[in-house]
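Keep in mind that what you see is a predicted model, and the values were worked out from it rather than measured. The sequence lines fix the lettering, A, B, ..., with proteins before strands; numbering per chain opens at 1.
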There are 2 protein chains.
Amino acid sequence: MNIQSRSQKSPRTDEEVIRSCGLFRGLDDTQRAVLTSMAVRKRFKQGTPIFVQEEACPGLFVVDHGLVRVFRLAPNGQQHVLHLCGPGQTFAEVAAIGGFALPACADAAQPAGCVMIPTDRLQQELALNHQLCRQLLTGMAFWVRHFVQLLEDIALRDAMGRVTRLLYDSPCDASGRIQLPGAKKDLANHLNLTSETFSRVLRRLAEQGVIEFDQDRSVHVIDAQQLEQLSGQSQNTDQ
Amino acid sequence: MNIQSRSQKSPRTDEEVIRSCGLFRGLDDTQRAVLTSMAVRKRFKQGTPIFVQEEACPGLFVVDHGLVRVFRLAPNGQQHVLHLCGPGQTFAEVAAIGGFALPACADAAQPAGCVMIPTDRLQQELALNHQLCRQLLTGMAFWVRHFVQLLEDIALRDAMGRVTRLLYDSPCDASGRIQLPGAKKDLANHLNLTSETFSRVLRRLAEQGVIEFDQDRSVHVIDAQQLEQLSGQSQNTDQ
DNA sequence: CGCGACTTTGAAACCTGTCAACTCCGGTGG
DNA sequence: CCACCGGAGTTGACAGGTTTCAAAGTCGCG
């Protein structure tokens with residue numbers, strides 16, 4: 001499990017937010033300054049829609065604080081949570097860079113503040129700035145790889161496998177406590193499970209002594225080794 | 001349904017193959033010439049492994065003729081078919097561009113010929129060539145969008161929805177005949193179904209008069225309207 | 001306090017995977 | 001030429017995991 005590094009304070013400068021973002025890691029100060037100069041601040045109250053799919057993309061968003069829920073809406077009203085974006089993560093990058101309509105919706109799962117780089121200014125900069133292009137290109141490649149893994153998880157793992165993998169990949173503090181981001185129903189949906197199944201799996205893990213519930217939506221990992229083992233395999237309970 | 005455009009002859013020059021490829025659409029002649037100069041020919045007999053996941057990426061592949069199966073292998077031996085690549089399609093682009101290990105395996109589902117652009121030469125070129133960078137950047141963005149759709153399909157649709165969508169999106173000739181690419185078991189696996197379920201769904205569609213089987217692995221669409229309707233919705237058989 | 005959203009829990013229904021048998025087809029070798 | 005074989009595809013019966021439905025419990029908030 002990853003050890004949570006910094007605990008971020010809310011008021012950060014645009015430059016700090018952009019620097020904290022994985023997608024822009026590798027840019028030098030000059031490059032970042034260019035992006036910072038284009039940045040626009042956005043704030044969203046909990047539950048507020050940020051954008052709707054099929055619309056033109058307003059820009060590339062970097063989360064400063066809070067939690068953003070990116071989800072895809074099917075014609076019949078079903079929705080699937082693609083990402084829960086916390087501080088330092090980006091969303092709508094793909095549409096902003098590719099220059100097409102938004103493939104998904106987003107709203108604020110918790111009160112959230114973002115830095116937005118408008119699509120047109122980003123495009124202008126991309127036309128001139130070779131280094132930025134390359135940086136985003138490799139960033140995008142990582143992004144695809146991430147999706148391939150997500151796809152594999154949903155396709156090849158059963159409920160237990162998906163949940164344990166989520167826990168195993170989640171950041172935790174030094175004592176092994178994991179703060180679940182967002183509501184359980186959103187997490188469950190992201191794993192393509194119902195909240196009921198999610199709940200049941202968690203209980204089974206607790207009964208087996210692998211985890212314990214703390215109050216306040218946090219989970220304490222007791223048997224990290226078994227958790228790893230469970231998250232490593234998939235389907236078939238054999239062996 | 002898309003109308004199949006050209007039927008390609010096998011022997012094409014490297015330049016023609018690269019031009020036919022969606023990822024490189026938008027490049028001018030000079031740019032394409034640069035890529036062509038780096039190109040290496042590869043041929044694979046049916047069933048031959050092309051590469052194995054976790055290896056270093058040899059290069060970016062463009063399919064000239066035949067069919068390539070790209071799939072991910074889980075630790076327990078299960079596999080999931082990510083793509084069936086026909087003529088004009090690329091694979092291993094992500095790893096070649098991002099410069100990391102291959103996230104998936106590939107083999108020849110049918111005898112196949114490919115044009116390969118070696119990773120190191122591609123990287124060299126990307127370092128210098130701004131236009132190529134931009135082109136691949138937007139290409140990559142489309143690629144991500146494609147994955148989001150694939151994810152949505154598998155997450156939000158039931159077996160009937162996935163199969164009808166496959167049929168609806170498949171290229172057909174003017175009379176509405178669809179040539180299924182590759183073996184049914186591979187197609188089924190790509191949709192995250194077993195071949196048994198795939199077969200049953202197809203039969204149900206035939207019983208309802210939506211499609212008819214021709215011999216020779218091809219399908220004749222009778223009621224395109226109903227097919228569209230079925231492919232548009234998901235889960236729940238209601239209405 | 002009381003409403004509403006989230007979570008938990010149980011029972012039943014459903015879809016899909018698994019297992020097994022059978023057919024069909026192409027290739028091999030006697 | 002034909003018997004034999006193995007892989008792909010079809011079909012049926014069955015089991016199992018998840019969803020669905022329903023109800024009760026919990027938490028936060030006006």
Side-chain angles (χ1 to χ4, degrees), chain A residues 45-47 67 69 76-81 84 107-111 153-164 180-207 211 213-219 230 233-238, chain B residues 45-47 67 69 74 76-81 107 109-111 153-164 180-189 191-207 211 213-219 234-238:
Chain A
K45 277 187 289 201
Q46 181 159 4
L67 194 73
R69 195 171 62 121
N76 62 357
Q78 280 186 299
Q79 57 182 45
H80 178 76
V81 176
L84 288 170
D107 62 16
Q110 291 168 14
D153 276 10
I154 289 181
L156 266 48
R157 286 171 199 269
D158 60 10
M160 175 63 81
R162 291 178 226 171
V163 173
T164 48
L180 296 179
K184 287 210 176 111
K185 75 179 170 69
D186 287 330
L187 283 172
N189 186 303
H190 181 226
L191 300 175
N192 201 31
L193 297 173
T194 58
S195 57
E196 291 95 326
T197 315
F198 189 63
S199 171
R200 279 187 259 265
V201 170
L202 244 35
R203 186 158 63 94
R204 238 167 55 202
L205 283 173
E207 281 168 358
I211 60 172
F213 298 110
D214 289 4
Q215 71 290 3
D216 195 32
R217 263 230 280 306
S218 76
V219 174
L230 287 168
Q233 60 193 44
S234 44
Q235 309 281 85
N236 319 327
T237 51
D238 55 318
Chain B
K45 279 188 287 202
Q46 182 160 2
L67 193 73
R69 197 170 61 120
N76 61 355
Q78 281 186 300
Q79 57 181 46
H80 178 75
V81 175
D107 63 16
Q110 291 169 13
D153 277 9
I154 289 181
L156 266 50
R157 288 171 198 271
D158 60 10
M160 175 63 79
R162 290 178 227 171
V163 174
T164 48
L180 296 180
K184 287 211 176 113
K185 72 181 172 71
D186 286 331
L187 283 173
N189 186 302
L191 300 175
N192 201 29
L193 298 172
T194 58
S195 58
E196 288 97 326
T197 309
F198 189 64
S199 172
R200 279 186 258 265
V201 170
L202 243 37
R203 186 159 62 93
R204 240 168 52 199
L205 284 173
E207 283 168 356
I211 60 172
F213 298 110
D214 290 4
Q215 69 292 3
D216 197 34
R217 264 229 282 306
S218 75
V219 174
S234 45
Q235 310 281 85
N236 318 326
T237 52
D238 55 320

> If you compare all heavy atoms of B/R203 against all heavy atoms of B/F213, which two are closest, and at what distance to 0.1 Å?
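Where B/R203 meets B/F213 most closely, the heavy atoms are N-CZ, 4.4 Å.
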> So how far is it from B/L202 CG to B/L180 CG, rounded to the nearest 0.5 Å?
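These two atoms lie 7.0 Å from each other.
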> Take atom CE of B/M160 and atom C1' of C/dC14, then tell me their distance rounded to the nearest Å.
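Distance, rounded to whole Å: 15 Å.
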> List the residues meeting side chain to side chain donor-acceptor pair (under 3.5 Å) with A/R204, not counting sequence neighbours, and say none if there are none.
none
> Does A/E196 have any side chain to side chain contact (heavy atoms under 4.5 Å, CB included) partners at least two apart in sequence or in another chain, and if so, which?
A/T194, A/R200
> Using atom CD of B/E207 as one end and atom C1' of D/dT11 as the other, report the distance to the nearest whole Å.
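My rounded result for the distance is 12 Å.
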> A/R162 has an atom CZ; how far is it from atom P of D/dG17, in whole Å?
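Atom CZ in A/R162 sits about 13 Å away from atom P in D/dG17.
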> Report the residues that fulfil side chain to side chain donor-acceptor pair (under 3.5 Å) with A/S199, sequence neighbours left out, ordered by chain and then residue number.
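So A/S199 forms no side chain to side chain donor-acceptor pair (under 3.5 Å) with any residue.
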> Answer yes or no: is there a side-chain heavy-atom contact under 4.5 Å between A/V201 and A/L193?
no
> Write down the atom of B/Q46, the atom of B/P111, and the distance for their closest heavy-atom approach.
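Minimum heavy-atom contact is OE1-CD, 3.6 Å.
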> If I take atom CG from residue B/L191 and atom OG1 from residue B/T197, how far apart are they, to the nearest 0.5 angstrom?
11.0 Å
> Tabulate protein N/O versus nucleotide N/O from nucleotides 27-30 of chain D, keeping only pairs under 3.5 Å, one per line.
none

> If a protein heavy atom is under 4.0 Å from the base, mark B; if only from the sugar-phosphate, S; if neither, -; do that for nucleotides 2-9 of chain C going 5' to 3'.
----SSSB
> Quick one: list whatever passes side chain to side chain contact (heavy atoms under 4.5 Å, CB included) with A/Q79, sequence neighbours left out.
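A/Q79 satisfies side chain to side chain contact (heavy atoms under 4.5 Å, CB included) with A/R69, A/F71, A/L73, A/N189 only.
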> Apply side-chain contact (heavy atoms from CB on, under 4.5 Å) to the pair A/V219 and A/L205, showing each step before the final yes or no.
CA-CA 11 Å; A/V219 174; A/L205 283 173; over 6 Å; no
> Rounded to whole angstroms, how far apart are CG on B/L193 and C1' on D/dT10?
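It works out to 16 Å between those atoms.
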> Quantify the bending of the helix from C/dC1-D/dG30 to C/dG30-D/dC1 as the angle between its end axes, each fitted on five pairs, to 10°.
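About 30° separates the two local helix axes.
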> side-chain contact (heavy atoms from CB on, under 4.5 Å) between B/D186 and B/L67: does it pass, once the steps are laid out?
CA-CA 11 Å; B/D186 286 331; B/L67 193 73; over 6 Å; no
> How many Å lie between CD1 on A/I154 and P on D/dT19, as a whole number?
11 Å
> Using a cut-off of less than 4.0 Å, is there contact between a side-chain N or O of A/T194 and OP1 or OP2 of D/dT19?
yes
> Polar atom pairs between nucleotides 21-29 of chain C and protein, under 3.5 Å, N or O only, would you list them?
none

> Once you round it to whole Å, what is the distance between C1' of C/dG17 and CD of B/Q78?
11 Å
> Give the minimum heavy-atom separation between B/A74 and A/L156, together with the two atoms involved.
CB-CD2, 3.6 Å
> Return the set of residues passing side chain to side chain contact (heavy atoms under 4.5 Å, CB included) with A/N192 (not counting sequence neighbours), or none when no residue passes.
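Scan of A/N192 (side chain to side chain contact (heavy atoms under 4.5 Å, CB included), adjacent residues dropped) gives A/H80, A/I154, A/R162, B/A155.
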